[in-house]
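Remarks on the structure that follows.
Residue numbers begin at 1 in each chain, while the letters A, B, ... track the order of the sequences.
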Amino acid sequence: MTRQRVEPSVIAVERGPSRRRSRGPLAAVATIVLLLTLLPLARPLIGQPYNYVLQIGMVGLMWIALASSWNIIGGFAGYISLGHNVFYGIGGYASGLLLLYFDWSPLLTWPIAGLLAVICGFLVGLVTLRTRGPAFIISTVALLLMVALLFDNWEFVGASNGLSLPLPPFSIETVKIPFYYAMLLIAVGSVYLSYRVAHSKFGLALRAIAQDETKAEVGGIDTRKMKVTAFSISAFFVGAAGAVWGYSLTYLRPAIFFSIAIAAEMVLMAIIGGRGTVAGPVVGAILLVTLNEISVSQFGSTELNIVVTGVIMLVVLLFFPMGVVGTLRERGKLPSILDWD
Amino acid sequence: MTTLLDVAGLSKGFGGLQAVNDCSFTVERGAIAGLIGPNGAGKTTAFNMISGVLRPDAGAVLVDGVDITGMMPHKVARRGVGRTFQITRELGDLTVLENMVVPTARGRLSGLFGARMLRDEEERAMELLDFVGISRLADEKARNLSFGQRKLLEFASALMADPTLLLLDEPAGGVNPALLERMMERIRTLNEQGLTFLIVEHNMDVVMNLCRSIVVMAHGEVVLTGSPAVVQNDDRVLDAYLGKV
């Protein structure tokens with residue numbers, strides 16, 4: 001078969017403004033990461049609330065990792081998973097068991113937990129990704145309920161009582177530091193992965209799938225393979241974050257990891273920030289963690305803070321229907337510091 | 001001339017409706033073949049079965065002698081069969097240029113580490129957009145295009161995959177006369193370069209002008225196959241469109 005070539009045109013190509021991007025956002029992101037890296041060294045500056053600051057930092061970084069990872073399948077590929085915290089739990093338990101049985105620290109074994117999550121994601125994806133739309137969402141909820149039930153009754157992992165882990169071998173002054181750095185690494189890794197997806201042919205295929213699967217297929221894209229791949233790689237940093245988080249709590253319990261509220265929060269963060277953008281889940285995570293922290297401090301850990309969070313989220317989505325980053329970009333008002341796509 | 005597309009006894013039913021029934025025809029390599037018939041004759045269903053979007057109940061599709069019956073659409077596409085849709089299916093959130101390069105994202109996981117668009121792919125895409133006359137819209141979101149421009153984009157993006165056989169589903173439908181003229185000219189140019197076409201079209205001027213062989217379908221069956229002259233003078237064709245008098 002011969003390739004047909006169209007004669008190269010001699011007509012000059014008219015184009016809009018150059019789509020080549022500046023190096024601006026890269027420098028900004030590098031600065032942010034550098035500042036975050038230096039944060040634990042600023043103990044004299046932070047003073048008394050040092051551990052609190054690192055704890056909040058770690059929580060924020062964790063949610064950045066979770067929301068960014070979810071965004072690969074839920075944002076770019078358009079498949080809403082409401083069971084993504086299955087991988088969070090799998091990662092937490094995997095590293096916890098490695099600690100209990102082999103005395104390997106989860107601060108080092110989180111990549112193993114991540115890989116296990118990828119394998120599980122692959123196997124689960126082969127089944128659940130046969131469905132699409134609402135049926136897919138329901139299949140992920142079903143998966144979550146099934147896994148929760150399994151862990152609730154599995155004696156080897158302590159059933160519903162869970163497992164207690166040995167305390168981390170650090171002093172009270174320094175205990176937050178290694179956790180913070182592990183989470184920083186995981187968060188940076190997941191945002192970078194998200195960036196790679198957005199800038200690659202793989203991501204282009206996922207975006208085509210999100211728009212029109214039949215059209216993508218006719219364009220020669222193996223949609224099933226792409227979706228399963230997206231689903232499984234999106235599990236990696238979720239599992240990794242679960243491993244570090246579980247160790248920081250020093251106990252593992254199904255109720256902590258397999259609550260649908262965790263999956264819902266990943267989804268909300270990605271949607272509020274902007275689904276299918278790189279910066280969106282990061283912005284969404286920071287927004288929601290901050291909001292939650294403020295409303296807890298103002299209204300106490302009552303139901304009221306959840307109501308406040310809910311109201312504010314509604315207002316945000318009213319004015320930013322495509323999420324903060326998505327809507328600002330659509331209007332051409334996205335600050336270049338947040339333009340990572 | 002050799003046979004490029006061989007459709008043998010294709011059948012497809014939806015519930016009680018037999019959309020395509022024992023449909024057989026061939027398309028020679030290098031031809032521009034037409035597939036005509038009244039609405040509901042089963043032309044688009046036949047297209048869907050050839051391109052893998054629908055799985056036939058019976059029959060076979062051979063491309064270049066290889067049986068592609070029931071293959072997934074992406075496998076059919078990779079065998080050199082491209083198609084457009086009657087109702088255009090541009091990817092609205094993607095830019096026109098991104099729409100063009102989607103077929104280059106067929107690959108392996110290594111696609112995660114490479115660039116979204118290689119320079120030569122971009123050049124090729126711009127060349128094709130130029131060829132159909134919409135290169136100035138390259139950075140526009142596809143959803144902002146007019147109907148006619150979408151038809152052109154659909155056509156150009158199908159060419160991006162370098163097909164050997166291109167199935168066009170009503171390329172002239174709803175397109176203004178000036179654009180239509182351009183489309184026909186482009187089809188001829190590509191055909192001269194060796195691309196084989198199978199075209200579903202209601203506009204008889206277009207069909208009679210472009211096609212040297214025509215397949216007429218009605219009620220899911222092939223009524224007649226022949227040259228424009230033969231088809232135009234056959235009572236069965238008139239019957240198919242107007243009903244028996």
Side-chain angles (χ1 to χ4, degrees), chain A residues 1-20 72 76 78 192-226 228-230 232-233 275-277 322 326 330 341, chain B residues 51-53 64 72-78 80 82-85 89-95 97-99 101-107 109-118 123-124 126-131 135-136 138-140 157-164 186 189-190 193-195:
Chain A
M1 289 183 207
T2 53
R3 282 164 67 90
Q4 288 90 29
R5 278 278 158 201
V6 174
E7 292 302 315
S9 167
V10 286
I11 303 162
V13 176
E14 281 178 61
R15 289 297 260 297
S18 166
R19 87 179 65 82
R20 308 267 165 254
I72 292 171
F76 291 112
Y192 180 70
L193 179 65
S194 172
Y195 174 86
R196 276 312 326 154
V197 169
H199 289 257
S200 64
K201 288 198 178 298
F202 177 63
L204 182 63
L206 294 186
R207 287 164 64 214
I209 288 168
Q211 295 270 299
D212 185 338
E213 225 157 300
T214 304
K215 177 77 190 212
E217 270 282 338
V218 168
I221 290 169
D222 187 343
T223 55
R224 200 160 136 66
K225 188 171 114 191
M226 292 292 176
V228 174
T229 308
S232 49
I233 65 171
R275 256 174 81 192
T277 66
M322 285 185 290
E330 191 77 1
D341 291 274
Chain B
S51 60
V53 174
D64 227 6
M72 291 287 284
H74 70 267
K75 292 231 171 92
V76 176
R78 291 176 195 195
R83 74 165 290 182
T84 65
F85 291 89
R89 302 183 79 144
E90 69 289 335
L91 307 165
D93 273 351
L94 274 61
T95 66
L97 188 59
E98 283 172 335
N99 266 271
V101 292
V102 163
T104 69
R106 295 176 165 194
L109 181 59
S110 62
L112 184 57
F113 305 103
R116 177 162 45 191
M117 200 185 319
L118 303 177
E123 276 166 12
R124 169 85 176 133
M126 290 309 295
E127 213 173 278
L128 285 169
L129 287 174
D130 233 20
F131 180 67
S135 60
R136 77 203 142 77
D139 293 324
E140 197 66 47
S157 70
L159 292 173
M160 190 68 189
D162 272 325
T164 43
R186 297 299 185 252
T189 309
L190 289 161
Q193 293 170 8
L195 181 54

Worked verdict on Arg83(B) versus Val53(B) for side chain to side chain contact (heavy atoms under 4.5 Å, CB included): CA-CA 11 Å; Arg83(B) 74 165 290 182; Val53(B) 174; 3.9 Å; yes
Do you know which of Val101(B), Asn99(B), Leu94(B), Leu91(B) has the most heavy-atom pairs with chain A at a distance under 4.5 angstrom? Leu91(B)
Checking heavy atoms, do the side chain of Val102(B), its backbone, both or neither come under 4.5 Å from chain A? both
Say whether, by atom type as modelled, one donor and one acceptor occur between the side chain of Thr277(A) and the main chain of Gly326(A) under 3.5 angstrom. no
Could you have a look at Pro103(B), Ala161(B), Ala105(B), Gly52(B) and say which one has the most heavy-atom pairs with chain A under 4.5 angstrom? Ala105(B)
When rounded to the nearest 0.5 angstrom, what is the spacing between CE in Met226(A) and CZ in Arg106(B)? 10.5 Å
Side chain, backbone, both or neither: which part of Thr189(B) has a heavy atom under 4.5 Å from chain A? neither
At a 4.5 Å cut-off on heavy atoms, which part of Arg78(B) comes close to chain A: side chain, backbone, both, or neither? side chain
Starting at CZ of Arg89(B), measure out to CG of Asp212(A) and round the result to the nearest 0.5 Å. 4.0 Å
What's the spacing between Leu193(A) CG and Ile233(A) CD1 if we round to 0.5 Å? 5.0 Å
Which value, rounded to the nearest 0.5 Å, describes the distance between Leu129(B) atom CG and Met160(B) atom CE? 9.0 Å
Quick one: what part of Glu213(A) sits under 4.5 Å from any heavy atom of chain B, side chain, backbone, both or neither? neither
Segment of Ala210(A) engaging chain B (4.5 angstrom heavy-atom cut-off): neither
